[in-house]
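The sequence lines fix the lettering, A, B, ..., with proteins before strands; numbering per chain opens at 1.
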Amino acid sequence: MRPGRWRGRDVISILDFTRDDLEELFDVAARMKEMLQRGHVPRLLEGRIVALAFFEPSTRTRLSFETAAKRLGAQTLGFAGEEATSLAKGENLADTIRMLDGYADAIVIRHKYEGSALYAAEVAEKPVINAGDGKQHHPTQAMLDLYTVKELFGTIDGLVYGVLGDLRFGRAASSFILALTLYRPRKLYLISPPLLRARPEVRARLEEAGIDYEEVSKLDDVLGELDVLYVTRIQRERFPDPREYEKVRGSYRVTRELLEKCAKPELRVLHPLPRVDEIAANVDSSRYAAYFLQARNGVPVRMALLSLILGAEV
Amino acid sequence: MAPSEGLLVRRIREGTVIDHIPAGRALAVLRILGITGREGLRVAVVMNVESRRLGRKDIVKVEGRHLSSEEVNRIALIAPSATINIVKDYRVIEKKRVKLPSVIEGIIACTNPTCITRKPGEPLRPRFKIVAERPLQLQCTYCSTIIDEKDVLEQLEEAGEERR
Ligand SMILES: Nc1ncnc2c1ncn2[C@@H]1O[C@H](COP(=O)(O)OP(=O)(O)O)[C@@H](O)[C@H]1O
Ligand SMILES: [Mg+2]
Ligand SMILES: [Zn+2]
């Protein structure tokens, strides 16, 4: 392990990292998870301050970062949603970031503009962690998704993946797809209505990485082949015609009946959460459900990330 | 001097001749160079003249102005076939081909309305990485949107209309 490979780094896109980087992160995350389970976590980040700059409303990701920081003894400051707008009072993003850069040791940012995190990283001297920039990237989500796959299957390579839902505007789905290009999936199905297919730059990356992928419209056609089904929400607002939405939504609903009929017993279902009704509640107690485990993994993975970036040894 | 346009413009003593521009793109080349006509430079634009290499071509001649290599290379965005002739004492003393730089900053705006480069009030210049030369593809450094030659030309034409 090269020391300091992570120290001081910005986390903008999952593609900023190599497999080796991620392996190191996952090792540390596994140790963090163990320590959490034992109920004893060293205060590695005692005296540090992490800024949580959530210009866009968020609950899960923000609380998960806050928990991760506090478990390690760091303090957090910041704002979320509405507060951000009033705080800014017309101030531009660059100036708000400069202010936080002066106060904190690392800045976690979520913002509705694509590229906002990279821009913040250019302005800030302290490391910037992207917690979602518009529809583009959500790298820490991708990290915990991969970590969960690895925990479940012992490997990320060689599996058949299906990514379902809004692949065009959904940053979690896009980031997960991009993350898989760092590995060797056996096959990747991109399952979505034609209107919500993956963006050209995401497909370009799949081509470049030589990933065997296929875009399909129906889940039923491929469900039987999958090891991992990554489900994301399809928002009604994405459809210019609401009737169009009503037509497709049923065909993307994952139910226990459907899984028991078509899926392999080893299939595991992931979801970045919050879920609305795209996964039926009766899946929760089935062997297939892995999304609650996945959500819980957010804390140890973000603990690992913060400790590596802030250069605190485990 | 080539006979086809020899009669159209008087020779310049000192300056730059941008030759072999694809027909119809001379004005876009001027826009890339930020030349509006208001600088007071003597500029000759020759359009749709015969060319052995291109069938038809445009030529731009700018008196009293030499181009930096950055400017020259930007021309490659819309006129990869262009040649740059440096004229001194009425004679071409140097010929250069244009070559696309790996990054384009300024000039072209991102087409994605929710790209951070489009957010008002931020001190930020749009920046693109060249991902392919022919056909041209640029990728926004910030939002990863891929734009093509058509987007670039449209913008340069619109920019011209706004000025008028
Ligand atoms: N003194 C000048 N004033 C204006 N245009 C010139 C001058 N000298 C050369 N040119 C133009 O520059 C281009 C390149 O010139 P030259 O090297 O003579 O020809 P070519 O590249 O066609 O063999 C031609 O379009 C020519 O008409
Ligand atoms: Mg920085
Ligand atoms: Zn952009």
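- Counting only heavy atoms from C-beta outward, the side chains of I116(B) and L93(A) approach each other to under 4.5 Å.
- In terms of heavy-atom pairs under 4.5 Å with chain A, the best-connected choice from P113(B), C140(B), C143(B) is C143(B).
- Heavy atoms from other residues, nucleotides or ligands lying under 6.0 Å from CZ of R97(B) number more than 12.
- Note that CD1 of I146(B) is 10.5 Å distant from CZ of R199(A), once rounded to the nearest 0.5 Å.
- With a 6.0 Å radius and a threshold of 12 heavy atoms from other residues, nucleotides or ligands, R53(B) has its CZ atom above the threshold.
- Contact annotation for T141(B): both backbone and side-chain heavy atoms come within less than 4.5 Å of a heavy atom of chain A.
- For the atom pair Q139(B) CD and R205(A) CZ, the distance stands at 10.5 Å (nearest 0.5 Å).
- Taking a 6.0 Å sphere around CZ of R42(B), one finds it holds 12 or fewer heavy atoms contributed by other residues, nucleotides or ligands.
- Checking side-chain atoms of Q136(A) against main-chain N and O of Y142(B) turns up a donor-acceptor pair under 3.5 Å.
- Few gaps surround CZ on R56(B); more than 12 heavy atoms of other groups in view lie less than 6.0 Å from it.
- The distance from atom CG of L124(B) to atom CD of E122(A), rounded to the nearest 0.5 Å, is 7.0 Å.
- Of all the heavy atoms in C115(B) and Y113(A), the pair that sits closest is O-CD2, 3.4 Å.
- For P123(B), the parts lying under 4.5 angstrom from a heavy atom of chain A are both the backbone and the side chain.
- For R168(A), the CZ atom counts as loosely surrounded, since its 6.0 Å shell holds 12 or fewer non-hydrogen atoms of other residues, nucleotides or ligands.
- Proximity of a side-chain donor or acceptor of E122(B) to a complementary backbone N or O of A94(A) within less than 3.5 Å is detected.
- Side-chain atoms of S144(B) and E114(A) include no donor-acceptor pair closer than 3.5 Å.
- Both the backbone and the side chain of E201(A) come within contact range of chain B, with heavy atoms under 4.5 Å apart.
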